[in-house]
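Okay, so here's the structure we're looking at.
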Amino acid sequence: MIRESERLPIVQLYKYDDWPELRQGVREMEFRLTYQGKLPAASSGDTRAFDKHRIRKALHPQLRELWNTDNYLRKWWIGREKVLSNTPLEDNYTTWADNLADNYKRCDHRFLPLIGAEAGDDACALDILFLRRDHPGGLVESGGDIDNRMKVLLDALQIPKNCSKIDLPGTDEDPFYCLLTDDSLITELKITTDRLLTPLAEDERIHDVHLVIHVRTISYAVHLSM
């Protein structure tokens with residue numbers, strides 16, 4: 001018989017702040033990021049800096065695709081002022097996105113964050129479906145506890161605070177797309193933990209996780225008058 005504490009799914013909800021009030025010039029976005037692989041727990045002896053950047057690298061192409069396909073974000077690459085004034089671009093014109101990435105240059109990378117890049121009431125809410133292979137009641141018996149594993153994930157969503165374990169950028173990582181400038185911008189975090197029932201593939205490990213991260217954002221920086 002499964003004890004009440006072992007029933008699945010397990011839902012944890014953390015609300016850190018109120019969602020900013022919507023007003024003119026504010027844009028909301030909703031999208032989903034996915035991650036599949038190793039998600040170890042952080043500890044005082046190992047902050048998992050290498051794993052955090054490995055997760056950043058896995059999320060980078062998804063965020064790049066968002067910027068390339070979203071009609072508003074694409075205008076950051078064309079040039080905000082040029083779009084609004086219908087002025088032709090000069091050969092040496094630097095786009096708004098390039099300037100933003102220059103402002104967040106660190107660890108030999110030019111990071112391009114979606115949320116928190118400019119002053120304002122930017123905010124982010126995360127609803128995470130956390131799937132892993134384990135029997136009911138064994139969700140914290142192996143691979144580390146959920147809270148410290150979430151700490152690694154949340155740190156991976158933001159621009160790194162130090163350059164430990166960060167290698168040189170790849171040819172397709174300039175700029176390097178990130179979700180947040182700082183995880184303090186997360187106003188709400190919901191985690192639903194459940195079992196992953198797909199058979200273990202040859203390139204997978206038993207403690208690998210499958211995450212579906214539903215992101216809701218509000219930003220003043222993204223807004224472009226049309």
Side-chain angles (χ1 to χ4, degrees), residues 16-17 20 27-40 42 47-70 72-77 80 94-128 149-189 209 211-224:
Y16 306 110
D17 201 353
R27 183 171 184 244
E28 282 190 293
M29 295 181 66
E30 286 193 56
F31 55 92
R32 286 171 176 81
L33 302 172
T34 62
Y35 172 73
Q36 176 181 343
K38 181 181 178 183
L39 182 61
T47 61
R48 303 293 182 178
F50 175 82
D51 292 291
K52 292 172 185 177
H53 196 59
R54 179 179 49 77
I55 296 170
R56 281 190 200 98
K57 292 170 76 73
L59 299 178
H60 155 74
Q62 299 176 55
L63 290 166
R64 179 181 59 202
E65 181 67 11
L66 177 67
W67 280 74
N68 288 340
T69 56
D70 183 89
Y72 284 88
L73 293 176
R74 287 175 63 188
K75 293 180 175 61
W76 284 37
W77 279 117
R80 182 186 185 186
T94 303
T95 68
W96 194 25
D98 271 318
N99 290 330
L100 192 58
D102 288 340
N103 290 339
Y104 288 96
K105 185 175 182 180
R106 62 193 66 177
C107 310
D108 295 317
H109 289 63
R110 295 169 67 244
F111 289 97
L112 184 54
L114 178 63
I115 302 300
E118 294 187 358
D121 294 333
D122 290 7
C124 179
L126 302 176
D127 186 346
I128 302 173
R149 298 178 87 176
M150 282 294 105
K151 171 64 175 172
V152 172
L153 176 65
L154 297 184
D155 282 353
L157 295 177
Q158 68 178 355
I159 294 174
K161 296 184 181 299
N162 62 70
C163 299
S164 175
K165 306 292 185 179
I166 295 181
D167 53 4
L168 293 175
T171 56
D172 63 343
E173 294 177 346
D174 183 19
F176 193 111
Y177 293 86
C178 263
L179 181 63
L180 302 158
T181 57
D182 194 283
D183 60 11
S184 63
L185 293 166
I186 298 173
T187 60
E188 184 174 300
L189 174 63
V209 302
L211 306 179
V212 179
I213 307 167
H214 180 189
V215 182
R216 180 185 175 205
T217 72
I218 186 170
S219 178
Y220 291 82
V222 174
H223 178 74
L224 291 172

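Throughout, numbering of the chain's residues begins at 1 and tracks the sequence.
- Summarising the geometry of Asp70 relative to Arg27, their closest heavy-atom pair is OD1-NH2, 3.0 Å, with the distance given to 0.1 Å.
- Thr217 contributes atom OG1, which lies 8.0 Å from atom CG of Asp122 (distance to the nearest 0.5 angstrom).
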Stepwise side chain to side chain contact (heavy atoms under 4.5 Å, CB included) test for Leu112 and Trp67 = CA-CA 10 Å; Leu112 184 54; Trp67 280 74; 3.9 Å; yes

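- The number of heavy atoms from other shown groups lying within 6.0 Å of OH (Tyr16) is above 12.
- The aromatic ring centroids of His109 and His60 lie 6.0 Å or more from each other.
- Put simply, CG on Leu179 and CD1 on Ile115 are 6.5 Å apart, with the number rounded to the nearest 0.5 Å.
- Considering only residues two or more places apart in sequence or on other chains, Asp127 meets the salt bridge (Lys or Arg N to Asp or Glu O under 4.0 Å) condition with none of them.
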Report the C-alpha distance between Arg74 and Thr69 in whole Å, list the side-chain angles of each, state the deciding distance to 0.1 Å, and finish with yes or no for side chain to side chain contact (heavy atoms under 4.5 Å, CB included). CA-CA 7 Å; Arg74 287 175 63 188; Thr69 56; 5.7 Å; no

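- Here the straight-line distance linking atom CG of Leu126 with atom CG of Leu154 works out to 6.5 Å at 0.5 Å rounding.
- With Tyr177 as reference, Leu63 is the one residue of Leu63, Leu59, Leu66, Leu114 to meet the side-chain contact (heavy atoms from CB on, under 4.5 Å) rule.
- Across all their heavy atoms, Lys38 and Ile55 have their closest contact at O-CD1, 4.3 Å.
- With a 4.5 Å cut-off on side-chain heavy atoms, Pro175 and Tyr104 do not count as touching.
- Smallest separation of non-hydrogen atoms from Ala123 and Thr187: CB-CG2, 3.6 Å.
- Residues that satisfy the salt bridge (Lys or Arg N to Asp or Glu O under 4.0 Å) test with Arg216, not counting sequence neighbours, are Glu28.
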Under 3.5 Å, which donor-acceptor pairs do the side chains of residues 163-172 form with other protein atoms, sequence neighbours left out?
none

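- For Asp102, the salt bridge (Lys or Arg N to Asp or Glu O under 4.0 Å) partners at least two apart in sequence or on another chain are Arg110.
- Tyr35 meets the ring-ring contact (aromatic ring centres under 6.0 Å, His included) test with no other residue; sequence neighbours excluded.
- The two residues Gly116 and Thr181 make their nearest non-hydrogen contact at O-CG2, 3.2 Å.
- Residues Asp183 and Gln158 come closest through the heavy atom pair N-OE1, 2.7 Å.
- The two atoms that bring Arg48 and Ala42 nearest to each other are CG-CA, 3.9 Å, heavy atoms only.
- By the salt bridge (Lys or Arg N to Asp or Glu O under 4.0 Å) test, Lys161 is found to be paired with Asp182, residues two or more places apart in sequence or in another chain being considered.
- To the nearest 0.5 angstrom, Ile128 atom CD1 is 11.5 Å from His214 atom NE2.
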Report task. Please step through side chain to side chain contact (heavy atoms under 4.5 Å, CB included) for the pair Leu153 and Arg149, ending with a clear verdict. Result -> CA-CA 7 Å; Leu153 176 65; Arg149 298 178 87 176; over 6 Å; no

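- One finds the CD1 atom of Ile186 at 12.5 Å from the CG atom of Asp17 (value rounded to the nearest 0.5 Å).
- Between Ile213 atom CD1 and Phe31 atom CZ the span is 9.5 Å, to the nearest 0.5 Å.
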